[in-house]
Amino acid sequence: MSIKEAFICGHPVKHSRSPLLHGYWIKKHNIEGRYGKKDIEPENIKSFLKSLKEKKLVGGNVTIPHKEAAFEAVDKLDGAATKIGAVNTVWFEGDKLVGGNTDAHGFTANLDQHAKGWDENPEKKTAIVFGAGGASRAVLYSLIERKISKIYLINRTIEKANKLAKEFGPTVIPLKISEAESALNQADIFINSTSIGMKPDDKYPFELAMLKSTALVTDLVYTPLDTVLIIEAKKAGLKTVDGLGMLLHQAVPGFEKWFGIKPKVTDELRQLIVDDL
Ligand code: ATR
C-alpha cells in the first residue's frame, strides 16, 4: 500500500503547528503516512484543491486565508461548514472532495474536556461571545448546537454583530462595546474570539470584574497561553480554559478521515505543542 499523505495549506503556512500535531499521531499509531505544509498563493488555491487526487493527497487542512475559497472549491459541504461559511478540513468520499469545518467541534470538545458540565441546563444558560469575525461564527454554531439559550454577541463594529445575529437567529443578541457591561453579570460563559491578547500590552475595552463568580472564561487566542483575559479571570478566581485545546481537538476529525484512526488528545500531546509555542 502506498503512503497516505495529507497536508495543511495556507499562505503563509510556515508557523503552523499542525504538522507537529499530526506527525505525533502518525508516529504514535505507526501509520504509513505523512503530513506536510503547502504554501499556496491565493490565486492557486482552487486549482490546488482540484488537483488533490492527481497529486495522490488524501486530504488536508485549510487555513488563513483560504477557508472561504475552499468553501467554494469543494464538491460537497458538511453541516458545520455550510452554516459557518468556511472550510478548514477536506477529505474524499469516493471521488467527491468534501469540505468540513471542525473548529466548532474543537471548541466544544475543549470545553467538554476541561470544563465538564459547561452546557448542563442550557435553557438557563447565557453566553457572551466577544468578536464577530470568522472564528466567532464557529463559536456561535457550537453554542447554538448545544442549545445555549441566550448569546450576547459583542463587537467593536456593531454592523458585523448585527449581520451575524440575523444569520444565526434570535438566540444571538448583538451588543456594542459600550453596552457590554450590562450583559457581563448575566453570563455563565465568556468567550473571546477577537485577537485581543496576542500582544503583551493588549487591554480589554470593558471591565471584566462584572462577571459572576461562577462564570467560565475561555479564550480562542493561545499564543500566549495565558492571555490578558485568562490572567484577569484567574486573578478573580474564575474557572478558565485556554485556547490550545481547541487547536488540538479540531485536528481529530481530519486525522480520522484521512488515516482511519480516531486519535486522542492527551497531556503528552498538549505538552509537545506547549514546548513549541
Ligand atoms: P478571525 O478569523 O480570527 O475571527 P477576523 O475575522 O479578522 O479574525 O476577526 C477579528 C475580530 O477581532 C473582529 O471581531 C474584530 O472586531 P471588528 O469587527 O470591529 O474589526 C476583533 N478585534 C480585533 N482587534 C480588536 C480590538 N483591538 N478591539 C476590539 N475588537 C478587535
Side-chain angles (χ1 to χ4, degrees), residues 8-13 15-18 42 45 61-72 80-81 83-89 99-108 110 127-144 151-168 172-181 183-184 187 190-208 210 217-225 227-233 242-251 277:
I8 176 151
C9 62
H11 185 69
V13 76
H15 300 296
S16 170
R17 293 186 174 89
S18 293
I45 186 64
N61 288 120
V62 179
T63 189
I64 293 165
H66 300 321
K67 290 184 181 187
E68 284 80 21
F71 179 90
E72 304 288 332
K83 189 70 196 171
I84 295 166
V87 160
N88 78 334
T89 306
N101 191 307
T102 66
D103 286 333
H105 166 80
F107 175 77
T108 40
N110 186 31
I128 292 181
V129 178
F130 180 36
S136 143
R137 300 178 68 93
V139 173
L140 293 177
Y141 178 85
S142 304
L143 296 172
I144 290 168
I151 306 167
Y152 288 111
L153 179 62
I154 302 171
N155 202 47
R156 176 176 63 183
T157 312
I158 188 67
E159 293 75 20
K160 281 206 230 161
N162 289 340
K163 188 170 170 278
L164 279 192
K166 215 170 184 180
E167 215 178 296
F168 281 84
V172 181
I173 304 158
L175 288 183
K176 294 179 190 149
I177 286 186
S178 58
E179 298 165 322
E181 281 168 25
L184 282 169
F190 180 96
I191 302 128
N192 176 45
S193 74
T194 72
S195 48
I196 297 177
M198 290 179 117
K199 292 194 231 96
D201 52 351
D202 277 352
K203 286 202 175 57
Y204 266 74
F206 44 84
E207 199 49 69
L208 294 163
M210 300 289 286
V217 170
T218 186
D219 204 331
L220 267 49
V221 174
Y222 61 86
T223 44
L225 270 183
T227 57
V228 56
L229 174 64
I230 297 286
I231 291 169
E232 281 196 29
D242 67 49
L244 182 57
M246 180 169 168
L247 172 76
L248 305 178
H249 282 284
Q250 64 76 33
L277 290 179

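In this text the structure is predicted, and so the values were computed from the model without any measurement. Just so you know, ligand 1 is whichever comes first in the structure, and atom 1 is the first atom listed for that ligand.
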Check: In terms of the angle between their ring planes, are Phe206 and Phe190 parallel, tilted or perpendicular, with boundaries placed at 30° and 60°?
Finding: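 If you compare the ring of Phe206 with that of Phe190, the planes turn out perpendicular.
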
[X] [atom1] to [Y] [atom2] distance, which is reported to the nearest 0.5 Å:
X	Y	atom1	atom2	value
Gln250	Asp103	CD	CG	5.5 Å
Leu153	Lys160	CG	NZ	11.0 Å
Thr157	Ile177	OG1	CD1	8.0 Å

Next item on the list: Mind running side chain to side chain contact (heavy atoms under 4.5 Å, CB included) on Leu225 and Ile230 for me, showing each step along the way?
Entry: CA-CA 8 Å; Leu225 270 183; Ile230 297 286; over 6 Å; no

Among protein heavy atoms, which lies nearest [atom], and at what distance?
atom	answer
atom 24 (N) of ligand 1	Ser195 OG, 3.5 Å
atom 5 (P) of ligand 1	Gly133 CA, 4.0 Å
atom 11 (C) of ligand 1	Thr194 CA, 4.1 Å

Item checked: Nitrogen or oxygen of Arg156 less than 3.5 angstrom from that of ligand 1 ->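 Looking only at distances, the answer is yes, because the N/O contact criterion of under 3.5 Å is met.
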
Next item on the list: State whether any protein heavy atom lies less than 4.0 Å from atom 18 (O) of ligand 1.
Entry: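 Yes.
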
Next item on the list: Apply the side-chain contact (heavy atoms from CB on, under 4.5 Å) test between Ile191 and each candidate in Val129, Ile151, Leu229, Val217; give the one that qualifies.
Entry: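 That would be Val129.
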
Item checked: Pair Asp219, Thr227: side-chain N/O donor-acceptor within cut-off below 3.5 Å ->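 On atom types as modelled, these side chains qualify, holding a pair under 3.5 Å.
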
Ligand-side contact atoms (ligand 1) for residue partner [X], heavy atom cut-off under 4.0 Å:
X	result
Lys160	17 (P), 18 (O), 20 (O)
Ala135	1 (P), 2 (O), 4 (O)
Gly131	14 (O)
Gly134	1 (P), 2 (O), 4 (O), 6 (O)
Thr157	17 (P), 18 (O), 19 (O), 20 (O)

Check: Which is it for Val139 and Leu220 under the side chain to side chain contact (heavy atoms under 4.5 Å, CB included) test, yes or no, and what are the steps along the way?
Finding: CA-CA 9 Å; Val139 173; Leu220 267 49; 3.7 Å; yes

Next item on the list: Before giving the answer on side chain to side chain contact (heavy atoms under 4.5 Å, CB included), spell out for Phe71 and Asn101 the whole-Å C-alpha distance, their side-chain angles and the decisive distance to 0.1 Å.
Entry: CA-CA 10 Å; Phe71 179 90; Asn101 191 307; over 6 Å; no

Check: Considering Ile196, Ile158, Leu164, Ile64, which one's heavy-atom position lies nearest to atom 29 (C) of ligand 1?
Finding: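 Answer by nearest heavy atom: Ile196.
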
Margin query: Minimum distance, heavy atoms only, to atom 13 (C) of ligand 1: which one of Leu153, Ile154, Asn155 is it?
Written below: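 Closest candidate by heavy-atom distance is Asn155.
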
Next item on the list: Take every heavy atom of Ala132, measure it against each atom of ligand 1, and state whether any distance is under 4.0 Å.
Entry: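 Yes, Ala132 has a heavy atom closer than 4.0 Å to ligand 1.
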
